[in-house]
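Here, residue 1 is the first one in the sequence, and each next residue gets the next number. Just so you know, these numbers use all the heavy atoms, side chains as well, and skip hydrogens, waters and symmetry mates.
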Amino acid sequence: QVQLVESGGGLVQAGGSLRLSCAASGRTFRSYAMAWFRQAPGKEREFVAAIGWSTSSTYYADSVKGRFTISRDNARNTVYLQMNSLKPEDTAVYHCAADPRLATVVAGSGVGSWGQGTQVTVSS
């Protein structure tokens, strides 16, 4: 397992941008598929984006496609989520997740490692 710490959340107006970071411990980071999930108050956790070992394999929820971009820097043990054209409905706590298996991290079930989350609030 890896330890995950998110940062970069905050308050932004609708239409604005934020970049979230998730720093991972351990020397095996490049062996893990990574994902971002979010959970709004009173709602279930939902998948946002995922990236495989190779930076060419990325997946997005339909609700964020074209606005959010997931990327990773294996030299820095960090995964990013660039969020543009933010909407009030993007308000949530954003968590990153790591697992050796891409299918597992996309499903969000049985994931080996979760971060504690960072709050994103989008005002209208």
Side-chain angles (χ1 to χ4, degrees):
Q1 291 186 355
V2 293
Q3 306 300 314
L4 305 173
V5 178
E6 301 95 333
S7 62
L11 174 64
V12 64
Q13 289 188 334
S17 298
L18 283 174
R19 188 177 81 154
L20 306 183
S21 299
C22 175
S25 64
R27 293 178 291 179
T28 59
F29 175 74
R30 65 182 65 246
S31 301
Y32 284 80
M34 304 293 295
W36 287 94
F37 286 77
R38 65 188 182 187
Q39 187 165 21
K43 294 187 177 181
E44 293 188 355
R45 183 177 62 203
E46 87 176 307
F47 169 79
V48 175
I51 186 167
W53 308 322
S54 165
T55 57
S56 63
S57 300
T58 57
Y59 306 87
Y60 296 94
D62 287 343
S63 59
V64 307
K65 204 171 291 184
R67 300 188 298 123
F68 290 10
T69 302
I70 189 171
S71 62
R72 66 188 296 162
D73 184 341
N74 288 337
R76 297 179 182 272
N77 280 14
T78 302
V79 63
Y80 304 99
L81 185 69
Q82 178 66 44
M83 305 186 295
N84 299 329
S85 302
L86 283 161
K87 304 175 182 179
E89 52 263 44
D90 294 318
T91 295
V93 177
Y94 284 69
H95 298 267
C96 66
D99 197 272
R101 294 153 292 189
L102 179 59
T104 297
V105 82
V106 170
S109 177
V111 171
S113 301
W114 289 95
Q116 83 290 346
T118 186
Q119 176 71 46
V120 172
T121 303
V122 185
S123 63
S124 57

Going by the rule side-chain contact (heavy atoms from CB on, under 4.5 Å), which residues pair with Ser31 if we only count those two or more places apart in sequence or in a different chain? Thr28

Just grab all the salt bridge (charged side-chain N to carboxylate O under 4.0 Å, His left out) pairs involving residues 103-124, residues at least two apart or on different chains. none

Please list all pairs passing the side-chain hydrogen bond (donor to acceptor under 3.5 Å, both in side chains) test where one or both residues lie in residues 96-107, with sequence neighbours left out. Asp99-Arg101

Non-neighbouring partners of Ala107 that pass side-chain contact (heavy atoms from CB on, under 4.5 Å), sequence neighbours left out: none

How close do Leu86 and Leu18 get, counting heavy atoms only, and between which atoms? CD1-N, 3.9 Å

Could you pull out the closest heavy-atom pair between Gly9 and Leu20, with the gap in Å? N-CD2, 3.6 Å

With a 4.5 Å cut-off on side-chain heavy atoms, are Val12 and Met83 touching? no

Which atoms form the tightest heavy-atom contact between Ala49 and Leu81, and what is the distance? CB-CD1, 4.2 Å

Between atom CD of Glu89 and atom OG of Ser63, what is the distance when rounded to the nearest 0.5 Å? 9.0 Å

For Trp36 and Val79, the nearest pair of non-hydrogen atoms, with its separation, is CZ2-O, 3.9 Å

Would you say Gln82 and Ser71 make side-chain contact, with heavy atoms under 4.5 Å? no

Spacing of CG belonging to Asp73 relative to CZ belonging to Arg30, to within rounding of 0.5 Å: 9.5 Å

With a 3.5 Å cut-off and sequence neighbours excluded, list the donor-acceptor pairs that the side chains of residues 39-48 form with protein atoms.
from: Gln39; atom 1: NE2; to: Lys43; atom 2: O; distance (Å): 3.1
from: Arg45; atom 1: NH2; to: Gly108; atom 2: O; distance (Å): 3.0
from: Glu46; atom 1: OE2; to: Arg38; atom 2: NE; distance (Å): 2.7
from: Glu46; atom 1: OE2; to: Arg38; atom 2: NH2; distance (Å): 3.2

In the single-linkage hydrophobic clustering (I, L, V, M, F, W, Y; side-chain heavy atoms under 4.5 Å), do Trp53 and Leu102 co-cluster? no

Does the side chain of Asn74 come within less than 4.5 Å of Asn77's, by heavy atoms? no

Taking ring-ring contact (aromatic ring centres under 6.0 Å, His included) as the definition, give me every residue that meets it alongside Phe68, ordered by chain and number, with sequence neighbours left out. none

Sequence neighbours left out, what passes side-chain contact (heavy atoms from CB on, under 4.5 Å) with Thr78? Give chain and number order. Ser21, Ala23, Arg76, Tyr80

Quick one: list whatever passes side chain to side chain donor-acceptor pair (under 3.5 Å) with Ser25, sequence neighbours left out. none

Scan residues 103-124 for pairs that pass ring pair (Phe, Tyr, Trp, His ring centres under 6.0 Å), counting only residues two or more places apart or in two chains. Phe37-Trp114

Salt-bridge present (Lys87, Asp90; N to O < 4.0 Å): no

Residues at least two apart in sequence or cross-chain that pass side-chain contact (heavy atoms from CB on, under 4.5 Å) with Ser113, listed by chain then number, are Gln1, Val2, Leu4, Ala98

Does a side-chain heavy-atom distance below 4.5 Å link Gln116 with Glu6? yes

Shortest non-hydrogen separation from Val93 to Gly117 and the atoms involved: CG1-CA, 3.8 Å

Shortest non-hydrogen contact from Thr69 to Tyr60? CA-OH, 3.4 Å

By side chain to side chain donor-acceptor pair (under 3.5 Å) - contacts of Ser17 (at least two apart): Asn84

Can you measure from NZ (Lys65) to OG1 (Thr58) and round to the nearest 0.5 angstrom? 9.5 Å

Tell me the ring pair (Phe, Tyr, Trp, His ring centres under 6.0 Å) pairs involving residues 6-32, sequence neighbours left out? none

